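See below for the structure under consideration.
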Amino acid sequence: MHAGLHDGNKLMFVTTAYAEEAAPAAQAGTEVPHQEGGHESFPPFDATTFPSQLLWLAITFGLFYVFLKKTVVPRIGGVIEERSSRITSDLDQAAKLKDEADAAVAAYEQELAEAKTRANAIGQEARDAAKAEAETARKSVEADLESKLAEAESHIATIKTAAMKDVGAIAESTATAIIERLLGKADKADVAAAVKSAAG
Amino acid sequence: MAADKVDPIHQFQIHTIVPLHIGGYDVSFTNASLFMVIVVLLTGGFLYLSMAGRGMVPTRLQSISEMCYEFTASMLKDAAGTQGMKFFPFVFSIFMFVLVANLLGLFPYFFTVTSHIIVTFALSMLIILTVVVYGFGKHGFRFLKLFVPSGVPVVLLPLVVAIELVSFLSRPVSLSVRLFANMLAGHITLKVFSGFVISLSALGAVGVAGAVLPLAMAVALTALELLVSALQAYVFAILTCMYLNDALHPSH
């Protein structure tokens, strides 16, 4: 403990001593008083070591600076630059692809809508055509039926007329047969006249 | 007595590995130089090799490098705008150097490069000189507008200019002392508590039992020092960014 305190005092003393001589040293630049404190002094303030430290610091730090400037910084900077430009271009490409995909979706949807309207139109057309065709077919069938009906009616009428004609003859023959059975004999002319008057 | 064996200052001592003298100056390759080399090789090697794959999808190590890069880049962009990005290699170097030097210093027996004021001061001066040179180069004398905030009454102007000047000149000092003092104090505290563990354990069974406390403290302090290492590197770098912003946009 005692040793530590003692060293602390020594350090403080040397620091204040140094501070006083630091100002002229700063103005004098790198030139430092050569003989100041022997080897017994606190090592960091032993000026006899300064030339060696300065020279070797200049050599090592100088080479270090040149090496970093010429080789290391361009290398690291190049890699970082390349990476960031790669990321940017990748993002750009992704955005471009997304735009393309969006455009494709829009085109698809538009085509879909067009196809739907076209399908509707075609359906409507087909329905109309079918309806019209059905209508004509119905009409022709109806006309056919009508004509057939008319034909049938006229046929019936002829048959009826023929039948009505026959009815007279049948009535005459029936009346003749009845009268012959009742009276034994019949006058065909009278019977015909009577039937005719009855038929009206 | 026993505590004397664990000198908390010892870890900051610099000793020569390869003696070298140029023009009367002792510029020997020392343990400090060795750790500067290690920091630079480790950081540079990691940043280089982790990016070897240049993967579009990063590996774990690659993402560490990229995080450091993007962290520094966003810090600089926030503080100094897009124009500040021309200083990016500079700020990135400073941030990585200080960060790795701080973190590496936490390993036992490792030397902490940033625990020496001359190193942090040299880095600070480098930053301030960059600001001054670039500021005058870009804006000429309009750079001096930095010291003359707009909208200040003429009466107060000399005072304000003086304050601005002093604050500008104190920047390298505060920048370097902040980092240096944090590293120094943290390492000394760690060493002192670790020293307690050793000295107490020497006292026998009771001492060993008592040593648990400073040991727990040392563990907690290590965690704190990790935070401080990263935080101080961040503070150093963000202040660099803000000072560079002054050079880029001198008018407030």
Side-chain angles (χ1 to χ4, degrees), chain A residues 1-8 10-11 14-15 18-19 22-23 25-30 32 34 39 41-80 82-84 86-87, chain B residues 3-4 6 8-9 12-14 16 20 22 24-30 32-33 36-37 39-40 43-44 47-48 51 54-56 58 62 65-66 69-70 73 88-90 92-94 96-97 113 115-119 121-123 125-126 169 172-173 177 180-181 184-185 188 192 195-196:
Chain A
M1 199 64 196
H2 192 74
L5 255 172
H6 176 70
D7 286 322
K10 189 161 90 181
L11 175 64
V14 178
T15 312
Y18 181 79
Q27 278 158 5
T30 50
V32 278
H34 194 51
H39 283 280
S41 71
F42 187 54
F45 301 136
D46 182 0
T48 55
T49 67
F50 286 2
S52 155
Q53 294 209 65
L54 286 175
L55 177 73
W56 287 103
L57 178 68
I59 293 172
T60 51
F61 187 75
L63 289 176
F64 184 59
Y65 172 71
V66 170
F67 179 64
L68 253 59
K69 190 181 163 79
K70 296 276 175 233
T71 312
V72 170
V73 167
R75 192 183 259 215
I76 303 180
V79 167
I80 290 173
E82 197 182 323
R83 183 179 304 134
S84 74
R86 170 78 176 274
I87 288 171
Chain B
D4 286 351
V6 193
I9 303 301
F12 304 114
Q13 266 167 15
I14 288 178
T16 304
L20 199 67
I22 296 173
Y25 289 106
D26 178 12
V27 290
S28 308
F29 189 80
T30 62
S33 325
M36 288 175 196
V37 172
V39 165
V40 164
T43 318
L47 290 174
Y48 184 79
M51 295 303 294
R54 297 177 197 226
M56 188 56 74
Q62 190 186 332
S65 292
E66 288 181 10
Y69 181 100
E70 292 192 312
F88 179 74
F90 180 60
F92 193 45
S93 313
I94 285 186
M96 292 310 290
F97 185 83
V113 175
S115 70
H116 275 249
I117 182 85
I118 188 68
V119 173
F121 187 70
L123 287 176
M125 279 314 288
L126 182 65
L169 290 178
V173 178
V177 168
F180 153 74
L184 187 82
I188 287 176
V192 166
F196 286 163

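Chain naming here is simple, since letters A, B, ... match the order of the sequence lines and numbering starts at 1 in each. Remember, predicted model here, so these are calculated numbers, not experimental data.
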Residue Phe29(B) excluded, over 12 heavy atoms near CZ under 6.0 Å: yes

Expected output: side-chain His116(B) to main-chain Phe50(A) donor-acceptor under 3.5 Å: no

Flag side-chain contact, heavy atom, 4.5 Å: Val40(B) against Phe97(B): yes

Part of Tyr69(B) within contact of chain A (heavy atom distance under 4.5 Å): side chain

Side chain, backbone, both or neither of Phe67(A) within contact of chain B (heavy atoms, under 4.5 Å): side chain

Portion of Ser33(B) that has a non-hydrogen atom of chain A nearer than 4.5 angstrom: both

Spacing of OH belonging to Tyr65(A) relative to CG belonging to Leu126(B), to within rounding of 0.5 Å: 9.0 Å

Proximal component of Leu57(A), with respect to chain B [non-hydrogen, under 4.5 Å]: both

Largest heavy-atom contact set with chain A, pairs under 4.5 Å, which of Ala32(B), Ser115(B), Gly44(B): Gly44(B)

Side chain / backbone / both / neither for Ser65(B) at chain A, heavy atoms under 4.5 Å: both

Flag for Ser52(A)-Thr49(A): side-chain donor and acceptor within less than 3.5 Å: no

Closest-packed option against chain B by number of heavy-atom pairs under 4.5 Å, given Val79(A), Val72(A), Ile76(A): Ile76(A)

Note: Arg83(A)-Glu66(B) ion pair, threshold 4.0 Å (strictly below): yes

Chain A contact via Phe88(B) - side chain, backbone, both or neither, heavy atoms under 4.5 Å: side chain

